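Scroll down for the structure; my scribbles are underneath it.
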Amino acid sequence: MVLKGIAVSPGIVIGKAFLLNSDSFVIPRVKIKEEEVFREIERFKKALEQTRQEIINLQRKLNREVDSKHSEIFNAHLLILDDPVLTQQMIEKIKKKMLNAEYLFQQLIKNYEKAFLKIDDAYFKERISDIRDVGKRVIRNLLGRKKMNLDSVKEEVIVVSYDLSPSDTALMRKEKVIGFATDIGGRTSHTAIMARSLKIPAVVGLEKISAKTKNDDLLIIDGNKGIVVINPRPEVIERYRKKKEEEKIARQELEKIRELPAQTCDGEKVEISANIELPEEIDSALKEGAEGIGLYRTEYFFLNRSRLPTEEEQYRAYKFVAQRMKPYPVVIRTLDLGGDKFLSHLNIPAEMNPFLGWRAIRFCLARPDIFKTQLKAILRASKYGNLKIMYPMICSVEEFRQANEVLEEVKKELKREGISFDKNIEVGAMIEIPSAALTADILAKEADFFSIGTNDLIQYSLAVDRVNEKIAYLYEPNHPAILRLIKMVIDAAHKEGIWVGMCGEMCSEPIFIPLLLGLGLTKFSVSPLMLLRIKKVVRSISLSKAREMAKQILSLSSIKEIKRFSRLKFKQIV
Ligand code: PEP
Ligand code: MG
């Protein structure tokens, strides 16, 4: 069976399927007989014990492989499981209502949630997510489902799931996951971006892969074409093995340009840096020939943990990145939580439109405690290399100024404490909201640099959710509106004499490089995986031809025309 989805992370892998159940399982309501009551109570107790063991094992694993702080969150889970009142309530319910344990346990958990919500105390509110989590684990065990985490995986697997959060994906770096496939998702979702960072071939938006696959089915993931083959015939496996081999040869060819400069054939120097999510990616970015880090997404530091990272922890990470990349620049983007990235332990209420909601700089300005801690850590690390600060989701000059006011306060505090930092550290704005692009001329007077975030700029300009596979066909960098906005930002930056780059995924796609060069961009920050391919395009085109091409494209009116024209030119030029 062949399923077509959205290719999000290149490469071909062949392996066995491992199904991760989504949290949205259906819980049946089943009447039980008098003589079945005892057995039901025993079944419930067994599920509690099973969950207990699961949590203890997970704690041990985290202690061993990450650190003890990460495992502390589970102490609260164990306390809930060991609560005698909860067990007694369940036993009485089973006896009285004569219904199956999973159904009654779900009701009980909901009642607890409601009761805790009514208590006006932050501690109880924070415990709600623990109760929910424990509830899901126990119910999953009652239903005989496999657990969500990947720690039981002993051999290399391809994960199949309805969905994966960016934090689930981040955990895969420690596991034996060689590829993944999901029912939902889009190309610029953070889950997809993480897959590329970890170099895990992946296809999303397959709609029914989780229903059509069984554990241990043999799968082929073609992350180049967005295809998944379930239980392929031997000749199909052979064909993909050959393709894999060809890929290896192509890669060896690409490696030949690693040491060569990134410049156009008429001599224009281009800076190609890398986007990273985790400090440990630095080495692979350097290996690919990155001349800097154009976007360090710091929020991954905050995910998959039970409490906020301290200033000291952050300082050490930023210092490591600064030193390792020196003398190259590192653009540290301040915390961009919200959207599709959440911290469970902060208990931020769910929103109807998270991408339009309490996200990124909005969240940081409302939580100066968190923001200041991060800024302080960045400033302290700044003396060890060439760091730059960048605020995400700036929508107006007021917001940029507000963020700078907080930065000034932090600088003053450091001066008072006698702690040195780079006093000339550059501070830039991500241009990823149409209002910022449209007022780039105003912002350019106050920012030291711009970085164009096309992932969000496209979603907000075209009103297309970047993680929704149903409307992925509308998510289109070739839309004339997007090209005009990009041009506006570049022109405004050049007029004010500040530098401008792009860190959105658009510039990790070779087809767009001639156009972007022609529009005046010479700084690209790309997924490390794509770095050499982008360099190859840069080296095979002349700036004058690129300019001419961009001019022609800007005069076209439809996406279709632009795509056709770009493809044709790309074939001729590159
Ligand atoms: C962007 O929006 O283009 C961007 C680079 O930021 P993120 O993908 O993290 O939202
Ligand atoms: Mg963004």
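Keep in mind that what you see is a predicted model, and the values were worked out from it rather than measured. Just follow the structure's listing: the first ligand is 1, and inside any ligand the first atom is 1.
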For residues Thr522 and Glu268, is any side-chain donor paired with an opposing acceptor at under 3.5 Å?
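Note: Thr522 and Glu268 side chains miss the donor-acceptor criterion.
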Is a salt bridge present between [X] and [Y], judged by a nitrogen-to-oxygen distance below 4.0 Å?
X	Y	answer
Glu469	Lys4	no
Asp283	Arg324	yes
Lys411	Glu408	yes

Main-chain N/O of [Y] paired with [X] side-chain donor or acceptor, under 3.5 Å:
X	Y	answer
Glu291	Glu271	no
Arg187	Ala7	yes
Lys535	Arg258	yes

Residue and atom names of protein N/O/S atoms that fall under 2.8 Å from the Mg ion (ligand 2):
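Sorted hits: Glu432 OE1, Asp456 OD2.
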Is the Phe449 ring parallel, tilted or perpendicular to the Trp499 ring (thresholds 30°, 60°)?
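Judged by the thresholds at 30° and 60°, the geometry between Phe449 and Trp499 is parallel.
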Contact table, ligand 1 N/O with protein N/O, distance under 3.5 Å:
| from | atom 1 | to | atom 2 | distance (Å) |
| --- | --- | --- | --- | --- |
| ligand 1 | 2 (O) | Glu432 | OE1 | 2.8 |
| ligand 1 | 2 (O) | Asp456 | N | 3.0 |
| ligand 1 | 2 (O) | Asp456 | OD2 | 3.0 |
| ligand 1 | 3 (O) | Gly453 | O | 3.3 |
| ligand 1 | 3 (O) | Thr454 | N | 3.1 |
| ligand 1 | 3 (O) | Asn455 | N | 2.8 |
| ligand 1 | 3 (O) | Asn455 | ND2 | 3.3 |
| ligand 1 | 6 (O) | Arg333 | NH1 | 3.0 |
| ligand 1 | 8 (O) | His190 | NE2 | 3.3 |
| ligand 1 | 8 (O) | Arg297 | NH2 | 2.8 |
| ligand 1 | 8 (O) | Asn455 | ND2 | 2.9 |
| ligand 1 | 8 (O) | Arg466 | NH2 | 2.7 |
| ligand 1 | 9 (O) | His190 | NE2 | 2.7 |
| ligand 1 | 9 (O) | Arg297 | NE | 2.7 |
| ligand 1 | 9 (O) | Arg297 | NH2 | 3.4 |
| ligand 1 | 9 (O) | Arg333 | NH1 | 3.0 |
| ligand 1 | 9 (O) | Arg333 | NH2 | 2.9 |
| ligand 1 | 10 (O) | His190 | NE2 | 3.3 |
| ligand 1 | 10 (O) | Arg359 | NH2 | 3.3 |
| ligand 1 | 10 (O) | Asp456 | OD2 | 3.0 |
| ligand 1 | 10 (O) | Arg466 | NH1 | 2.9 |

So is Lys423 actually on top of Phe421's ring, under 6.0 Å and inside 45° of the axis?
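Here Lys423 passes the 6.0 Å and 45° test against Phe421.
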